[in-house]
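To keep things clear, I will list the structure first and then write my remarks on it.
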Amino acid sequence: MKTISKKLGVFGVAAVLLFLACGVISGTWVISFKLAENETLTWTGNFFYGQVDMTDASEWKDHREYLKDIDLVGFELWATNNTDTEKTYRVYATYVGSGLNHLTSRSEVENKATLILDDIPLPDSAKTYITYGQSFTYLKGIDKLKSYVESGSLRIFAMEAGGADNTNVHIDSMRVIVTFTAGL
Amino acid sequence: MRVGLISILLMCFLMPSAHAGMIGLGAGVSGGLEFPIAQQDQKQGSVFGFKARIKLLPIIVIEPGLNFTRYGNPEFDDFTSDLEGAKVTAYCLDAVLGGSFGGVGVKPYGLFGIGYYATSLDQVGTENKNTGWSTGFGVEIGVASKVGLDFRGHVAVISTDGGGTKKSGAVTAGINFYFGK
């Protein structure tokens, strides 16, 4: 019994050393940013525009230096369609350091930014809420999106497919939800 | 492929002992709770698994096993999440030091293992496959010569693609059966 206890002790010490040696001091955090119309989500005349700055979030500031991976990027989206026909919305993204800070036309956004949410259906005469889980159904360009998020900022462009009517069809607000892993 | 490779390695490892009649065989099932460690994106869930037990030396037992973990759905203060918890399928190979292999009595043990972990999020449509290791301790209470109740706690550390790790702890209860004489 004494021999077994001794071996268990050695086993335990070895396990602790291995635990410390293998870079296991890490964790996974989830942060979110809400973009509300007339506050951080604005109508430019052609599309809704908003910017996410993660660098002020305490979890991001505390762990950015030790970032290992962007695990997930998801969204919540609230929209209204007051017309009598179903519409679809698309969301594009760039990041602050991309040099694409002054996209003004729809075609510029479509050609230069990355499509990240494709063909979100907005039923006629209704408010629509796309949940965090549902957003993954529409997610595109995930690798680029993760690299944008890794830079600490996102520029968001949301536009109606085939139209530019913000009176009857509009995004009420969006939330960007980022899950990341950081550690030593 | 990996399961096949592990099987071949085990056979090579066990052949000499098998010829010498030194090997004992057993099997067990277990279930319990899985606790994510430093993972805001997961919540406490459940784990179920089964394993073979192969006695190589008087105090060392090798356990190839298969475990299924389902984490609970995460909850957040600042938004409503409908994302389901991750599912993890773990192919494990543990070395158990101490404990019993049949017989009546209470025997503690320590364990260390390696594993291959497939972590999936169905709603997101992702499945990440990574290696990892685990360590822990437990106690087996032999209630009959060929039946033991097994209680264990262990921590698993799974590597991630970016160089980090995902960690979890588990407490399980199970029952082991032993074959042969």
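Numbers restart at 1 for each chain; the letters A, B, ... are given by sequence-line order, proteins then strands. Predicted, not measured: the structure shown is a model, and the values here were computed from it.
One N or O on the side chain of B/K167 and one on the backbone of A/S26 form a donor-acceptor pair closer than 3.5 Å. In this structure, B/D82 contributes its side chain and A/G133 its backbone to a donor-acceptor pair below 3.5 Å.
Both the backbone and the side chain of A/T131 come within contact range of chain B, with heavy atoms under 4.5 Å apart. Looking at A/F180, neither its backbone nor its side chain comes within 4.5 Å of chain B, counting heavy atoms on both sides. If you measure heavy-atom distances from B/L121 to chain A, the contacts under 4.5 Å come from the side chain alone. For chain B, no part of A/I70 is nearby; none of its heavy atoms comes within less than 4.5 Å. For A/L67, no part lies near chain B; criterion is any non-hydrogen pair under 4.5 Å.
Hydrophobic clustering (ILVMFWY, side-chain heavy atoms < 4.5 Å, transitive): A/V52 and A/I130 are in one cluster. No continuous path of ILVMFWY side-chain contacts below 4.5 Å connects A/W29 to B/I158, so the two sit in separate hydrophobic clusters. When the side chains of ILVMFWY residues are joined at heavy-atom separations under 4.5 Å, either directly or via intervening members, B/L149 and B/V47 end up in two distinct hydrophobic clusters. A continuous path of hydrophobic side-chain contacts links B/L56 to B/L93 [ILVMFWY only; heavy atoms under 4.5 Å]. A/Y89 and A/Y129 are not part of a single hydrophobic cluster, where members link through side-chain heavy atoms under 4.5 Å apart.
The OG1 atom of A/T28 lies 5.0 Å from the CD atom of B/Q39; values are rounded to the nearest 0.5 Å. Here CD1 of A/I31 is found 10.0 Å from CG of B/D78. Values are rounded to the nearest 0.5 Å. If you take CG on B/D161 and NZ on A/K68, they are separated by 13.0 Å, rounding to the nearest 0.5 Å.
A pairwise comparison of heavy atoms in B/Q123 and A/F136 identifies O-CB, 3.6 Å as the closest pair. The shortest non-hydrogen separation linking A/Y132 to B/L83 is CE2-CD2, 3.7 Å.
More than 12 non-hydrogen atoms from other residues, nucleotides or ligands lie less than 6.0 angstrom from OH of B/Y178. By the neighbour-count criterion of 12 heavy atoms within 6.0 Å, atom NZ of A/K146 is densely surrounded, having more than that number from other residues, nucleotides or ligands.
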Walk me through whether A/L72 and B/D41 qualify under side chain to side chain contact (heavy atoms under 4.5 Å, CB included).
CA-CA 10 Å; A/L72 293 176; B/D41 60 333; 5.7 Å; no
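The candidate with the highest count of non-hydrogen atom pairs below 4.5 Å against chain B, out of A/T179, A/I177, A/L139, is A/I177.
The pair A/D69-B/K166 fails the salt-bridge criterion, with no side-chain N (NZ, NE, NH1 or NH2) lying under 4.0 Å from an Asp/Glu carboxylate O.
Using a 4.5 Å heavy-atom threshold, the side chains of B/F79 and A/V30 count as touching.
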